[in-house]
Structures are given as C-alpha cells and as structure tokens.
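Quick caveat: nothing in here was measured; it's all calculated off a predicted structure.
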Amino acid sequence: MVLLKKYVGFLVLLVVLGITGFKGVDAAGECGNASPDTEAWKLAPCAAAAQNEKAAPSKSCCLQVKKIGQNPDCLCAVMLSNTAKSSGIKPEVAVTIPKRCNLADRPVGYKCGAYTLP
C-alpha cells in the first residue's frame, strides 16, 4: 500500500510538471550559459588597451567589446573576471575601452563593481 501511494504521488508530480511546462533549472549567469572567464578570452585583442589607457584599442578589440557590451552585466563580469585579473588587466583601465572605441551605444554611467563606465 505504501508503494502504491509513492507511485501515485510520483505520477501526480509528473502530471503537474507536464502541465506547468517544466523546463529544468536555468543556471544562466551574467553572460548567459557562458562563464565570464570563458568570455574573457574573446577580449584577448584588448590586452594592451586594458593595461595602458594610452594604448589605442584595436579594431578587433572594439568589435568584441561591442558584441559583449550588448549585455553590460556580461561585459562588467568579464572585465572583473579571474581570467582578466590573472592576465594583468587593470579594471580601472578596461572600463574605459568602450569609450576609447567610440561606441555610441555604450552603457555610460553603468556601475561595474567599484568602477563606473565613462
């Protein structure tokens, strides 16, 4: 009898999940399903510009910043990621790259940790 109750309870759970359209757990973060550390590798062309504010960002750097910057949360997470830090990136310099790339749609005034995007 106990087994029958467990079986019926399990079936009820399946029916409820089927009706509500259970889609599983969504563990997406700032960069969707990619980790900020993985996304940081895409900004490799920005290495010099992220370490020296006088270095001009390359065209490929600006293209990647524009792409990732469509989601300011992701761009911020990437600039503050462990990968960026271990690569010698200076966050206070990195946050200036969207402006130095002359991106018109950059998130001006966006708070990125202790930094604000100019």
| said: Looking at Lys67, I'd like to know if its NZ atom is crowded, meaning that more than 12 non-hydrogen atoms belonging to other residues, nucleotides or ligands lie closer than 6.0 Å. | reply: no

| said: Are Leu117 and Leu103 linked, directly or through intermediate hydrophobic residues, by side-chain heavy-atom contacts shorter than 4.5 Å (ILVMFWY only)? | reply: yes

| said: Taking less than 2.5 Å as the test, are the sulfur gamma atoms of Cys61 and Cys46 close enough? | reply: yes

| request: Measure across Lys99 and Pro118 and return the closest heavy-atom pair with its distance rounded to 0.1 Å. | output: CD-CB, 4.0 Å

| So, Arg100 side chain and Glu53 main chain: donor-acceptor pair closer than 3.5 Å or not? | yes

| query | In chain order, what residues pass the side chain to side chain donor-acceptor pair (under 3.5 Å) check against Arg106, with sequence neighbours excluded? | reply | none

| Does any N or O in the side chain of Asn71 come within less than 3.5 Å of the main-chain N or O of Cys31, such that one atom is a donor and the other an acceptor? | no

| request: Taking side chain to side chain donor-acceptor pair (under 3.5 Å) as the test, write out the residues that go with Glu39, two or more places apart. | output: Lys42

| field | Closest non-hydrogen atom pair, Ile89 against Ala50 | value | CD1-CB, 3.5 Å

| field | Close side-chain approach of Cys101 and Lys66, heavy atoms under 4.5 Å | value | no

| query | Minimum heavy-atom separation for Ala40 to Ala84, with atom names? | reply | CB-N, 4.4 Å

| field | Pairing residues for Asp37 by the side chain to side chain donor-acceptor pair (under 3.5 Å) criterion, not counting sequence neighbours | value | Thr83

| task | List the steps and the verdict of disulfide bond (SG atoms under 2.5 Å apart) for Cys76 and Cys112. | result | CA-CA 5 Å; Cys76 180; Cys112 185; 2.2 Å; yes

| request: Indicate the atoms forming the closest heavy-atom contact of Pro98 with Leu75, along with that distance. | output: CG-CD2, 4.1 Å

| task | Measure the CH2-OG distance between Trp41 and Ser81 for me, rounded to the nearest 0.5 Å. | result | 9.5 Å

| message | Using the rule that Ile, Leu, Val, Met, Phe, Trp and Tyr join whenever any side-chain heavy atoms are under 4.5 Å apart, tell me whether Val65 and Tyr115 fall into a single cluster. | response | yes

